[in-house]
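Quick notes on the structure that follows.
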Amino acid sequence: MRGIGVASPLTPEVRKHELAVRRTMLQLHQIGGFVTLGLMGTAVFWGQKTLNNPGVRSYRDYHEAFVGATIASYTATGLLAALSPPPLIRRDETSTTTLHKTLAWIHFAGMIITPIIGSRLEHSMNYNQLAHFHQVSAYITTATLAASLIVVTF
């Protein structure tokens, strides 16, 4: 950001402020991760209920509402990490943060793939096969999000 003139010139005071902002953003990122996991787990619950009871429209409505909330929460939470100021020191070593970031790429891919598959279910010629793929993708996405939270929290 400094290179394009958006951020203030680097001084010790500015850097101290940036690190305080970074800390706050990453704490909010961590809280947002747990909120997102809760929303995602609830979306998966209602999605499973929908698959088990295809004729109950209210289950699908609940599922869709929680999917929307999950996507919004996931996006906001991810942006907190992506837009936070850089760390003071970057180390080229494997750590829990490295594993967290690796898992993030997996659940990010799932957050793109799963809703796309879900949106195609209604018009699919192979509903059962696509629904199963959507279900597996949702469970893998939820598991990798949970794992990425566990890795950096405990």
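Sequential numbering from 1 along the given sequence is applied to the chain's residues. What you see is a predicted model; the values in this text were computed from it and never measured.
- Here the closest non-hydrogen pair linking P9 and V14 is O-CG2, 3.7 Å.
- Hydrophobic cluster membership is shared by L79 and V21, with clusters built from Ile, Leu, Val, Met, Phe, Trp and Tyr side chains linked at under 4.5 angstrom.
- Heavy-atom minimum distance, T50 versus R60: OG1-N, 3.3 Å.
- Put simply, the side chain of T77 does not reach to within 4.5 Å of the side chain of V35, judged on heavy atoms.
- Within a 6.0 Å sphere centred on CZ of R91, other residues, nucleotides and ligands contribute 12 heavy atoms or fewer.
- Of all the heavy atoms in L39 and A69, the pair that sits closest is CD1-O, 3.7 Å.
- For H29 (side chain) and L80 (main-chain N/O), no donor-acceptor pair under 3.5 Å exists by modelled atom type.
- Residues L37 and W105 are members of one and the same hydrophobic cluster, defined by side-chain heavy-atom contacts under 4.5 angstrom among Ile, Leu, Val, Met, Phe, Trp and Tyr.
- Across all non-hydrogen atoms, the minimal contact from V44 to Y139 is CG1-CE2, 3.5 Å.
- A distance of 9.5 Å separates CD1 in I71 from OG1 in T114, rounded to the nearest 0.5 Å.
- Within the 4.5 Å cutoff, the side chain of P85 has no heavy atoms near those of the L19 side chain.
- Heavy-atom minimum distance, G110 versus T141: CA-OG1, 3.1 Å.
- Side chain of T144 to backbone of I140: a donor-acceptor contact under 3.5 angstrom is found.
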Decide yes or no on salt bridge (charged side-chain N to carboxylate O under 4.0 Å, His left out) for E18 and R22, but give the supporting numbers first.
-> CA-CA 6 Å; E18 284 181 357; R22 175 181 170 78; over 6 Å; no
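- Listed by chain and number, the residues in a side chain to side chain donor-acceptor pair (under 3.5 Å) with Y59 amount to none (sequence neighbours excluded).
- Contact annotation: the side chain of T96 never approaches that of H100 to less than 4.5 Å [non-hydrogen atoms, C-beta and beyond].
- Summarising the geometry of M40 relative to T70, their closest heavy-atom pair is N-OG1, 3.4 Å, with the distance given to 0.1 Å.
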Trace of the side-chain contact (heavy atoms from CB on, under 4.5 Å) decision for D61 with W46 = CA-CA 9 Å; D61 292 342; W46 287 112; over 6 Å; no
Does the side-chain contact (heavy atoms from CB on, under 4.5 Å) test come out yes or no for M111 and L145, once each step is laid out?
-> CA-CA 10 Å; M111 284 298 294; L145 178 62; over 6 Å; no
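- Separation of atoms CD (Q135) and CD (Q48) is listed at 4.5 Å; rounding is to 0.5 Å.
- Side-chain heavy atoms closer than 4.5 Å link hydrophobic residues (I, L, V, M, F, W, Y) into clusters, and following such links, possibly through other members, connects L51 to I113.
- Residues passing the side-chain contact (heavy atoms from CB on, under 4.5 Å) test with R23 are Q27, sequence neighbours excluded.
- Between M25 and L83 the shortest side-chain heavy-atom distance falls below 4.5 Å.
- One hydrophobic cluster, built from ILVMFWY side chains closer than 4.5 Å, cannot hold both I31 and F34; they sit in different ones.
- Counting heavy-atom neighbours within 6.0 Å of F108 CZ, excluding the residue itself, gives a total of 12 or less.
- A donor-acceptor contact shorter than 3.5 Å is absent between the side chain of S137 and the backbone of H134.
- Aromatic ring centres of H107 and Y74 lie closer together than 6.0 Å.
- Of the possible polar contacts, one joining the S84 side chain to the A81 backbone as a donor-acceptor pair under 3.5 Å is found.
- V152 belongs to a hydrophobic cluster whose remaining members, ordered by chain and number, are L99, L103, I106, V151; membership requires side-chain heavy atoms of ILVMFWY residues under 4.5 Å apart, directly or through intermediates.
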